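Below is one structure, written out as structure tokens; comments come after it.
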Amino acid sequence: MIGFKKVVTILILIINSYGVYAQDFADVYEKLQQSKILNDHFFGFSLYDLDENQFLVDVNGHKYFTPASNTKIFTLYTALEMLGDSIPGIQYIEKGDSLLFWGTGDPTFLHSKMDSHIVYNFLKNSNKKLFYVPTKMQNKFFAAGWAMDDFDAYYQPEIATLPIYGNVVTFRGTANNQMRVVPTYFQDMLHTEESLDKGKFSMSRSFTENRFLKSRETVPNKYVNEVPFKSSASLVVKLLSDTLGKMVEIIDYNKPVAVKTIYSNATSYVLREMMLPSDNYLAEQILMMASLQNFEKFDTYLVRDWMKQNYYKRFADEVVLHDGSGLSCYNKVTPKSMIELLIAVKQKVPDESNRFKLFSTGGVDGTLKRAYSTDRGVPFVFAKSGTITSVYCQSGYIITRSGKKLAFSFLNNNFIDEKNSEIRQEMVAIMTYIRQNY
């Protein structure tokens with residue numbers, strides 16, 4: 001059996017091959033190597049000094065992992081490169097007494113939290129006849145590698161060219177044992193299916209149609225659930241007509257080169273809303289908007305390929321992505337690629353305060369609010385988490401007590417899912433140790 005000191009010596013030699021001095025971080029190596037929970041599964045950890053431009057710690061840095069929602073950092077960087085500072089809401093032209101409009105992939109239209117009402121008011125206040133022109137998309141409504149049995153889960157809405165209401169129906173239990181449904185258009189599509197009752201109230205949807213099912217007649221007070229609906233052009237115009245209180249019709253019309261655009265939101269606002277709560281729907285629609293804006297078609301594979309050829313090709317390891325959210329189990333990246341990505345984001349957003357706003361702040365907000373505690377009241381980790389079955393990852397930035405500014409990627413795969421919490425606690429303990437001792 002190889003002794004621990006010899007293991008550390010070997011690791012130091014490996015890191016020194018990159019021109020850095022790992023002996024300064026031998027204690028971090030010791031914690032990683034002696035951690036029982038980390039060594040029960042496959043993990044990778046890379047730590048990089050952003051000021052000295054060198055790797056400080058590297059374990060399995062060139063090995064491939066499923067990144068889960070760490071994928072959203074790639075989507076963030078894509079948006080920074082390919083979208084402007086404002087989100088395009090709709091494209092339109094006016095012809096006589098008619099207004100023809102096209103979807104842009106904007107995810108904020110009539111969204112329960114994010115709608116600015118700019119597009120809504122524009123359509124509502126128009127004195128012209130409204131015609132929606134559907135646009136074909138090359139993407140399927142689900143990305144490659146998504147779990148089909150999650151089709152009715154709140155975190156997996158369908159991808160669409162003109163999403164509306166976040167592509168979900170919101171169900172809320174009221175005090176009088178009723179269910180409030182938004183949009184109200186779906187109220188009559190709600191049915192009771194007692195065979196679904198497994199001991200507690202639940203909701204589902206038919207796989208092929210917008211038929212929503214609740215498990216029992218009695219609805220718990222304050223119950224809230226979002227269930228994705230099946231999107232289509234015909235459904236979009238029905239929802240629009242119902243919401244606007246005026247007729248909207250479908251028309252087939254070749255989009256001219258010269259179209260006008262209504263912008264709905266600041267891009268930075270949408271990116272923050274994607275990153276902090278880890279919103280899969282926003283991530284996928286951001287790539288749809290990038291596709292239309294740069295290639296004049298809805299094909300997110302073009303976006304991923306363009307980013308790969310123009311940016312990720314320079315990374316030390318190949319980047320393999322099949323979606324923008326991280327729901328796909330086909331996505332594969334290495335810890336070193338994540339570090340290179342974080343460096344690229346830093347170069348794109350050099351202002352630290354603006355950059356950190358795009359990541360969850362440990363102990364303060366987002367998905368890391370409860371994971372970390374602040375250090376003497378000061379937050380020190382700004383990162384993106386990533387969680388799917390047997391996967392838990394964190395990648396982002398850490399500031400140490402001495403003022404070192406570091407990038408890190410901590411990826412965990414292939415563990416028993418019940419150990420997720422224990423793994424997260426161990427990661428937090430190691431990152432807190434780095435904060436307090438360097």
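Bear in mind the structure is a predicted one, so any value in this text is a computation, not a measurement. Hydrogens, waters and symmetry mates play no part in the numbers below; they use all other heavy atoms, side chains included.
- Within the 3.5 Å criterion, the main-chain N or O of Asn310 finds a donor-acceptor partner in the side chain of Arg314.
- Within the cation-pi definition used here (under 6.0 Å to the ring centroid, within 45° of the axis), Lys230 qualifies as a partner of Phe141.
- Using cut-offs of 30° and 60° on the angle between ring planes, the pair Tyr120 and His117 is perpendicular.
- Checking Lys384 against Ser69 by side-chain atom types alone, no donor-acceptor pair falls below 3.5 Å.
- Between Phe43 and His41, the ring planes are perpendicular. Angles over 60° get that label, and only those under 30° would be called parallel.
- A distance-only check finds no donor-acceptor pair linking the side chain of Glu94 to the backbone of Leu99 [under 3.5 Å].
- Counting non-hydrogen atoms of neighbouring residues, nucleotides and ligands closer than 6.0 angstrom, the NZ atom of Lys404 reaches no more than 12 such neighbours.
- Of the possible polar contacts, none joining the Arg216 side chain to the Asp197 backbone as a donor-acceptor pair under 3.5 Å is found.
- Judged purely by atom type and a 3.5 angstrom limit, Asn294 uses its side chain to pair as donor or acceptor with the backbone of Met82.
- Of the possible polar contacts, one joining the Gln285 side chain to the Ala160 backbone as a donor-acceptor pair under 3.5 Å is found.
- With respect to Lys113 and Asp279, no salt bridge is recorded, no charged nitrogen being found less than 4.0 Å from a carboxylate O.
- Aromatic ring orientation, Phe122 versus Tyr92: tilted (interplanar angle from 30° to 60°).
- Ring centroids of Tyr165 and Phe229 are separated by 6.0 Å or more, keeping the two rings apart.
- Checking side-chain atoms of Thr374 against main-chain N and O of Gly363 turns up no donor-acceptor pair under 3.5 Å.
- No donor-acceptor pair closer than 3.5 Å links the side chain of Glu217 to the backbone N or O of Thr192.
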* To do: Please step through salt bridge (charged side-chain N to carboxylate O under 4.0 Å, His left out) for the pair Lys332 and Glu318, ending with a clear verdict.
  => CA-CA 9 Å; Lys332 294 292 179 285; Glu318 182 181 0; over 6 Å; no

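- Because its NZ or CZ atom is both nearer than 6.0 Å to the ring centre of Tyr301 and within 45° of the ring axis, Arg304 counts as a cation-pi partner of that residue.
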* Passes salt bridge (charged side-chain N to carboxylate O under 4.0 Å, His left out), Lys129 versus Asp97? Steps please. -> CA-CA 6 Å; Lys129 297 177 182 178; Asp97 64 350; 3.8 Å; yes

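- Remark: Lys255 does not engage Glu296 in a salt bridge, criterion side-chain N to carboxylate O under 4.0 Å.
- Taking the centre of each ring, Phe131 and Phe101 stay at or above the 6.0 Å mark.
- A donor-acceptor pair under 3.5 Å links the side-chain atoms of Ser390 to the main chain of Phe415, judged by distance alone.
- Considering Phe408, Tyr397, Phe382 in turn, Tyr397 is the only one that fulfils the ring-ring contact (aromatic ring centres under 6.0 Å, His included) rule with Phe359.
- Geometrically, Arg424 engages Tyr392 in a cation-pi contact, judged by NZ or CZ lying under 6.0 Å from the ring centre and within 45° of the ring axis.
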